[in-house]
2 protein chains.
Amino acid sequence: MKKSIENKSVKMRDVADHVGVSVATVSRALRNPEVVSEALRTKIAAAIESLGYLPDPAARALASTRSDVIGVILPSVTNNVFSAVMDGIYSAAEGTRYSVQLGYSRYAPLSEENLIRLFLRQRPTGLIVTGIDQTDAAKALLQEADCPVVQIMETGPAPHDRMIGFSHYQAARAATAHLIAQGYSQPGFLGARMDPRTQRRLQGFRDELRAHGIDEGRRVHSTTYPSSVTLGGHLLAQLMDAAPETDAIFCINDDLALGAMFEAQRRNLRIPQDLGICGFNDMEMMGAAEPSLTSVRTFRREMGAGAVQLILDALSDGARSDGNIVDLGFEIMPRHSTRRNS
Amino acid sequence: MKKSIENKSVKMRDVADHVGVSVATVSRALRNPEVVSEALRTKIAAAIESLGYLPDPAARALASTRSDVIGVILPSVTNNVFSAVMDGIYSAAEGTRYSVQLGYSRYAPLSEENLIRLFLRQRPTGLIVTGIDQTDAAKALLQEADCPVVQIMETGPAPHDRMIGFSHYQAARAATAHLIAQGYSQPGFLGARMDPRTQRRLQGFRDELRAHGIDEGRRVHSTTYPSSVTLGGHLLAQLMDAAPETDAIFCINDDLALGAMFEAQRRNLRIPQDLGICGFNDMEMMGAAEPSLTSVRTFRREMGAGAVQLILDALSDGARSDGNIVDLGFEIMPRHSTRRNS
DNA sequence: TTGTAGGCGTTATCAA
DNA sequence: TTGATAACGCCTACAA
């Protein structure tokens with residue numbers, strides 16, 4: 001079995017010669033096995049195996065005007081929300097003939113637009129983009145794309161093609177409602193980065209307060225800096241200085257919540273009595289923290305895997321069925337940090 | 001400026017016609033601008049711009065027998081140690097003509113081997129692989145690769161080509177030495193996953209104990225499960241039950257350390273008096289925690305960026321200069337969780 | 001400095 | 001069911 005090494009330049013031609021058929025037949029055996037005779041098929045498979053043949057993706061793409069890549073554009077490399085999404089994407093793509101090509105926009109709509117253009121140039125099998133806040137040019141590109149396009153992370157109006165996510169607005173309202181239901185009457189808000197998705201969460205927070213006739217006062221603190229545990233601490237410090245009446249906080253994400261928890265401990269604020277804390281995303285650490293932290297569970301891995309599945313479905317469905325929206329929802333995970341009533 | 005949209009199938013031919021030159025000249029203007037006359041170069045650039053031409057990577061790769069991709073193989077998608085590495089890689093690649101292709105081995109040497117084979121098939125510009133524990137077949141592939149190969153995360157003997165990382169063994173020894181220097185006499189070890197890199201850290205821990213004449217007793221607790229904050233708590237619980245004399249722990253990574261910290265708080269162990277805690281990697285949260293947690297800082301982003309740089313260097317250096325090892329080192333970050341002496 | 005032409009490894013069309 | 005044979009879009013000697 002020397003096959004492992006000797007594939008440096010085994011090409012379809014070699015396989016064909018080895019079996020004594022034309023390259024066309026080998027090609028068919030690979031793409032449409034059903035039209036090749038049983039006998040040849042097995043001989044070809046054996047030859048491929050023993051010669052260690054691997055198709056050249058570039059030649060394939062050039063000749064078929066279609067590459068076997070699924071393009072994915074995410075805003076951030078480091079944010080572990082997206083790590084989970086990627087995990088789902090890679091898992092779902094594993095075992096298929098498709099490979100994943102990743103691009104990072106760094107939360108910049110213009111760079112997202114360029115990435116979309118770049119990816120589309122490769123005639124990908126499908127494209128996965130994050131959210132609904134593309135530039136007009138990007139939207140036009142997606143609209144004209146000749147491959148399935150899936151928007152992830154959100155649900156919302158007018159998807160380009162397909163969509164899988166949840167409502168950040170509703171999730172934030174639910175989290176805020178949870179705080180209020182626990183008896184907190186002066187909830188505050190901690191936010192970072194404040195990209196459009198985050199803004200929608202803020203809007204949910206505000207609308208829920210309003211629905212309960214609660215004034216937000218000076219309790220909304222946010223920054224455009226990227227979020228971090230450290231920042232969570234700073235924001236809580238600012239908030240408590242500006243609005244000492246605050247008795248609970250809804251944090252835009254779990255990092256901020258964790259940082260706020262640490263800061264609360266430094267200030268000897270008792271959780272959940274003096275301060276209730278609710279995060280967002282429900283990363284693994286939330287349940288393990290002391291005290292355990294309430295959060296809004298989102299289905300990130302499922303979003304990634306689901307997006308790939310939507311593309312595969314679209315491929316077999318053939319036609320492009322617009323308006324296909326999958327709402328994965330969310331779930332409030334009540335934990336010690338907001339357990340004031342019980 | 002309708003260029004943004006109308007690039008659906010603008011090809012080099014179109015640009016050439018638009019300017020009134022041959023495609024060869026356009027191609028040269030793109031690859032070796034210096035051999036094309038100033039006048040044509042600017043006209044071509046203008047045409048490219050106004051037509052919105054984007055080269056077809058597949059055709060490029062096929063014709064030049066070299067693709068503009070840098071292949072990267074990492075063991076894990078979700079582990080944020082690697083997120084930071086990726087961040088460095090993408091940053092360094094940005095603005096160059098190279099794009100990044102990511103593959104995940106899920107800590108399985110065999111799948112790493114297959115990915116290497118797959119990536120090499122595309123004749124990449126360079127290949128970045130994680131660590132030094134490849135299968136023999138993979139090693140052979142890397143040895144024969146006709147592109148620069150960079151191994152990241154570690155330093156060690158016999159790199160295939162180039163290498164950038166640090167010594168996990170030495171880092172663990174240093175961390176253990178720090179604990180001992182702080183007056184802890186019964187340090188324990190918490191480990192998860194226990195891949196070869198982790199094992200080297202354990203070896204460092206053990207050797208350092210031995211150097212101080214300390215018996216490890218029943219204080220080494222590890223599992224092959226992937227690490228998590230929750231797991232850190234469980235492991236500490238096990239450790240304290242099995243070896244109550246433990247007065248400090250060295251954790252294989254920061255997640256375990258954080259989980260151990262929470263568990264210690266649950267058990268009313270005072271940190272750092274009753275229990276010293278040292279993590280590994282120094283993720284951002286460590287300094288923000290309450291109490292702040294000692295860790296071993298590693299330069300993950302720099303490793304990623306450096307790896308890309310090494311490839312770019314190799315490209316211009318021309319020849320493949322073997323034995324090129326960059327040791328980024330590490331740094332002990334002493335914080336409250338081990339501040340027993342002062 | 002610029003143009004001509006052959007080829008990169010597959011796929012797909014058309015015959016056989 | 002199988003085999004020739006053009007593409008696919010670009011690169012690169014080789015010529016001019």
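As a basis for the values below, the full set of heavy atoms in this structure was taken, side chains included, without hydrogen atoms, waters or symmetry mates. As the structure is a computational prediction, the values presented were derived from the model and not from experiment. Residue numbering restarts at 1 for every chain, and letters A, B, ... go by the order of the sequence lines.
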Selected nucleotide, minimal atom distance to [X] side chain, candidates [options]:
X	options	answer
B:Arg60	D:dA4, D:dC11, C:dT11	D:dC11
B:Ser27	C:dG3, C:dT11, D:dT12	D:dT12
B:Ala63	C:dG3, D:dG3, D:dC10	D:dC10
B:Ala24	D:dT12, D:dC11, D:dT1	D:dT12
A:Val23	C:dT11, D:dT12, C:dG9	C:dT11
A:Ala59	C:dT2, C:dT10, D:dC10	C:dT10

To the nearest angstrom, how far is [X] atom [atom1] from [N] atom [atom2]?
X	N	atom1	atom2	answer
B:Arg66	C:dC8	CZ	C1'	14 Å
B:Asn32	C:dT1	CG	P	12 Å
A:Leu62	D:dA6	CG	P	17 Å

Rounded to the nearest 0.5 Å, the CE atom of B:Met163 sits from the CD1 atom of B:Ile152 at a distance of 10.5 Å
So, does [X] get its side chain near the phosphate of [N], meaning an N or O under 4.0 Å from OP1 or OP2?
X	N	value
B:Arg121	C:dT10	yes
A:Thr25	D:dG3	yes
A:Ser64	D:dC8	no

[X] near the nucleic acid: base, sugar-phosphate alone, or nothing, with a heavy-atom cut-off under 4.0 Å?
X	answer
B:Val26	nothing
B:Thr65	nothing
B:Ser22	base
B:Arg31	sugar-phosphate

Could B:Arg13 and B:Asp17 be called an ion pair, given the rule that one side-chain N must be under 4.0 Å from one carboxylate O?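 A salt bridge links B:Arg13 with B:Asp17.
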When you check the gap from the basic side-chain N to the acidic O, do A:Arg106 and A:Glu112 get nearer than 4.0 Å? no
Would A:Arg193 and A:Tyr107 count as a cation-pi pair here, with the cationic atom under 6.0 angstrom from the ring centre and within 45° of the axis? yes
Roughly how bent is the helix from C:dT1-D:dA16 to C:dA16-D:dT1 end to end, in steps of 10 degrees, with each end axis from five pairs?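 Both end axes considered, the difference amounts to 30°.
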Identify, between A:Arg28 and A:Arg13, the residue whose nearest nucleotide on DNA chain C lies closer to the 5' end. A:Arg13
Is a side-chain donor-acceptor pair under 3.5 Å present for B:Gln122 with B:Ser67?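 No, because no side-chain N or O of B:Ser67 sits under 3.5 Å from a partner of the opposite role on B:Gln122.
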Can you confirm whether B:Lys43 is buried at NZ, in the sense that more than 12 heavy atoms of other residues, nucleotides or ligands lie under 6.0 Å from that atom? no
